[in-house]
Amino acid sequence: MKIHLSALFLTLLTMVSSYSQHKKNDALTIHETRVEYLTNPEGIDVKRPRFSWILKGNGRNRLQSAYQIIVASSSTKLAQNEADVWDSGKVNSNHTNQIEYDGISMKSDSKYYWKVKIWDESNNPSQWSSSAHWSMGLLNFSSWKGLFIGHDVGYNTVDKYDSLYLPPARYLRKSFTINKKIKQATAYTTALGLYELRLNGNKVGDDYFLPGWTDYNKRLYYQTFDITDRLQEGENVVGAVIADGWYAGYIGYALLVRLDKVREFYGVNPSFMGQIHIEYEDGSTEIIASDRSWKSNEGAIREADIIMGETYDARLEHSGWDTPNYDDSGWKNPKIYTYPNGKLEAHPGTKVKNVEQLKPIEITEPGPGTYVFNLGKNIAGIAELKVKGPKGTKVQLRFGEILKSDGHIQTENLRKARATDTYILKGEGLETWQPKFTYHGFQYVEVTGYPGNPTLDAITGLVLSSIETDASTFDSSNAMNNTLFKNINTTQSANFFEIPTDCPQRDERLGWTGDAQIYMRSATYNSDVAAFVTKFLVDLDDAQRWYGAYPNFAPFPYSRPNQYAPAWMDVGIIIPYNMYKVYNDTRALDFMYEGMQKFMEFQEDASTDYLRPGGGNNWGDWLAVNEETSHDFIGSSFYGYDAKLMAEMAEALGKTKDAANYRNLFENIKKAFAKKYILANGRTTEDTQTTYALALYFDLYPDELAKKGAARLAEKIEKNGYKFATGFLGTKHVMLALSKYGYNDISYKIFQQTEYPSWGYSVENGSTSIWERWNSYTKDNSENSDLNAKMNSFSHYAFGSVAEWMFQHAVGIDTEDSGYRNIIIEPAITKEMDFIEGSYKSINGTIASAWNWKGNRVLMNIKIPVNTKAKVYIPTSILSDIKEGNKSLSSNESIKILESNEKETIVEVGSGTYFFNAKI
């Protein structure tokens, strides 16, 4: 049935293609206008923001030949095409992204409105796009009028190793009166700690964990909210709830390894600062800022910690505390705190939101009064509780990723993370509660103390993430591989949480740099991570050590003796490179360039005769199976790869001298590397899967020996039963290297493997996410069922880096230069699969590629977005055996034949949908 559906899909697309030929002259339309990768962002502080849009249109070979952007100070002026801020004029260019604003200087606390129109390949103009806007934040220190205020709850007096210190949240409020009609109202808010902004009884915005995690000694992010429609004539109340968060709470494994400090890495008590700017219709203005006139108190949130959990005593609620007509005479004046050392900046990324809600699929009762809710997949987020019962009843929620054989949740792998939420009822009918300042990694929620027998609606899972995993689709004839794709997306969503964490459940949740760089390109296929990674690059730059290395994780609140490791510290090169490659973002390169140069100098200083020792923390090929690759080999191979990427990035920035120097460095490393690690017969001296994968993928093999090296890698895989002997570093690169040298069939055999170690092994054992270890769990009653491993995460995206191979090779979508303007469609077509189809929403629009077998013919269906072109690789050299639709290639005017060699035909196509039918 699946093949029939695939064939139907291809037939429909052929019909669309035929129909589109008749619509060739239709006007192009403009979609998804964005500023700094964001839709209508509020409060940015980029003084030359970048514009982007996506074009759609019928027909083939559709192009943009020019564009015009206009920016106005009001929506009215924009509607009248009055560009009083900036008019780019007609610019002859096909660029649709990374276009910098070039008008008058941006003003603090100001909103701007913009739209764009384009001209197509025949110089026909489009309609103007829909109106879009952005606003600037507070660009000058003098614009900030508020004080940092909090509530004194005392200080930590417990034993730091044997007891948890979990202070209550602090509540702040301010009543103010409005007697005039409002034209515009904007709130600018931040906190040292975490905060939730409240206004007239409701939460402002839909974000969680504001203002985000930074190195607070270097910068502190703030948010901007348009609250014009939230204010009312008469009394208004603004409030804030603040908690320790990353600023003062527990972070990572500090408690586990008994560091000198286990919390309060940046500060001791949280504090809030904010101000509301009101512009009235009569032209007057007013600012309500956080100051000594506010009131402060404790409340129902008795404990609030990201890792440890939250306790809420509903009996202590201050009902109506954030609404008018509330008596706050019993509240105190707030405590005043100093400004942080870090600079106030607008948050540049995407913030944590509730992206999905899950209803439990079953309830079990493994013990009397202990209920376990199964949400169906392993997520990061919180559980909403609905309960009705007597006042003072204490309901406790604990969280686990798997169940033990007795049906109870496993919590041993959480280590020192208490990960427990508690709700104490006020006894007033049905009560609904969700925590504000904690989150967990879990599939199962254990509920104890529940009055009566709960039903399925007692618990709702709220999935929290900084991203949407909606940039790609993947489907194949292998059901396990389809599940694997879902698991990869689930795990990326769970860990792209303000920073790219290693895991969301245990006492860690750190931005481990090795995991991040290994997974970066896969991340871009599954989600638009441009803004998210822009923020993480700031974290990386802030965390760089004074001597040049990037550390093991970022942000970097504390360190163990060794601060860096080969393949982890290289994140500072690899992630910026991928930002450039995927999004054509040279600004990211420019921002990181000085630090990248410093890192390369650090490596040069540590190297001898162009070879870099392992050094640092020596994580090696983390979690490799049965084969060990030396740290020196890993260090030197990544050094070579860094030099190769630096040359390309320097060239992109117009730094031609630097580019030449880095190219020369790469060649010297390559020669030294080959001399030490590669034998005359093409084998590596260490002969592990990982050594071949890294050396081949990083182009460190001598040209005359590379094919022999690839053959040896293929041989090792085959002799190992088409299974890995690799860890985090090798696994990503094995299949990429094999497919690079034509061993696609072997890659597919690995891809479909279900025996340990493989992705299929976890899927066969019921995984709904990617595991840290190949053998984290088995669903039967073998010894792994109750695995009590302290290093056993069931939501760890590193092994999900196979998504890069899935899209670049199985689906066959890549970019020839940067930014997917010149696309490569080169699917690895094999008899190992009946069909594969997928799509990727690039910065220029959606690219789709599908192939399936029909007898001895392969059917390929390709979709190329407007304003781009693609090289399509068809796996036959006989031109007469290829048709596009019902035409031969030679008679098809919309297709250019570039090359026909012994194994394939390469054609160039413009935008549109194409159906190739080739005899193989």
Side-chain angles (χ1 to χ4, degrees), residues 512-518 520 540 543-545 547-554 559-577 595-624 627-647 662 664-679 684-702 709 725-734 737 798 801:
W512 280 94
T513 49
D515 306 49
Q517 67 88 359
I518 283 292
M520 172 63 186
L540 285 174
Q544 186 176 20
R545 302 294 85 197
Y547 46 84
Y550 294 95
N552 291 322
F553 42 82
S559 175
R560 294 171 76 178
N562 294 310
Q563 296 182 330
Y564 61 88
W568 271 250
M569 60 182 171
D570 306 83
V571 66
I573 303 292
I574 295 171
I575 285 189
Y577 173 79
M596 291 192 292
Q597 282 187 306
K598 187 175 180 180
F599 173 57
M600 295 303 291
E601 291 167 3
F602 161 77
Q603 296 194 85
E604 180 182 6
D605 180 58
S607 65
T608 301
D609 296 329
Y610 300 105
L611 294 177
R612 188 185 89 189
N617 218 15
N618 290 329
W619 299 113
D621 189 19
W622 181 248
L623 299 181
E627 290 185 351
E628 183 175 348
T629 301
S630 74
H631 302 139
D632 286 355
F633 185 100
I634 291 169
S636 289
S637 63
F638 273 89
Y639 183 29
Y641 189 49
D642 293 338
K644 182 174 181 284
L645 300 188
M646 281 297 293
Y662 285 122
N664 185 59
L665 174 61
F666 172 71
E667 292 300 327
N668 286 328
I669 296 171
K670 184 174 182 177
K671 291 175 185 176
F673 184 90
K675 183 178 180 180
K676 181 173 182 179
Y677 291 114
I678 299 177
L679 303 173
T684 64
T685 55
E686 301 184 15
D687 198 37
T688 69
Q689 291 181 12
T690 293
T691 59
Y692 293 104
L694 296 183
L696 289 166
Y697 186 78
F698 293 165
D699 289 329
L700 293 171
Y701 254 90
T726 52
F728 280 16
L729 305 183
T731 299
K732 170 196 167 177
H733 297 101
V734 164
S801 60

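For reference, positions follow the sequence shown, starting with 1.
A donor atom on one side chain and an acceptor atom on the other are found under 3.5 Å apart for Tyr692 and Asp687. Residues Tyr547 and Gln563 bring a donor and an acceptor atom of their side chains to less than 3.5 Å of each other. At a cut-off of 3.5 Å, with distance as the only test, no side-chain donor of Asp621 or Thr629 sits close to an acceptor on the other residue.
In this structure, Ile669 and Gly640 approach most closely via the heavy-atom pair CG2-CA, 3.7 Å. Among all heavy-atom pairs drawn from Ala624 and Ala725, the shortest one is CB-O, 3.8 Å. Taking each heavy atom of Pro613 and Ala606 in turn, the nearest pair found is CD-O, 3.1 Å.
Looking only at side-chain heavy atoms (C-beta outward), Pro566 and Phe638 stay at 4.5 Å or farther from each other. Between Ile518 and His733, the closest side-chain pair of non-hydrogen atoms falls below 4.5 Å. Side-chain contact check for Ile573 versus Phe599: some heavy-atom pair is nearer than 4.5 Å.
Among Asp570, Leu729, Leu700, Asp632, the single residue meeting the side chain to side chain contact (heavy atoms under 4.5 Å, CB included) criterion with Ser637 is Leu700.
Relative orientation of the Tyr564 and Phe602 rings is perpendicular, given thresholds of 30° and 60° on the angle between their planes. Aromatic ring orientation, Phe698 versus Tyr641: parallel (interplanar angle below 30°, classes split at 30° and 60°).
A donor-acceptor contact shorter than 3.5 Å is absent between the side chain of Glu686 and the backbone of Phe633. At distances below 3.5 Å, not a single donor-acceptor pair connects side-chain atoms of Thr684 with backbone N or O atoms of Ile678.
Residue Tyr610 qualifies as open at atom OH: its count of foreign heavy atoms under 6.0 Å is 12 or below.
You'll find the ring centres of Trp568 and Trp622 outside the 6.0 Å limit.
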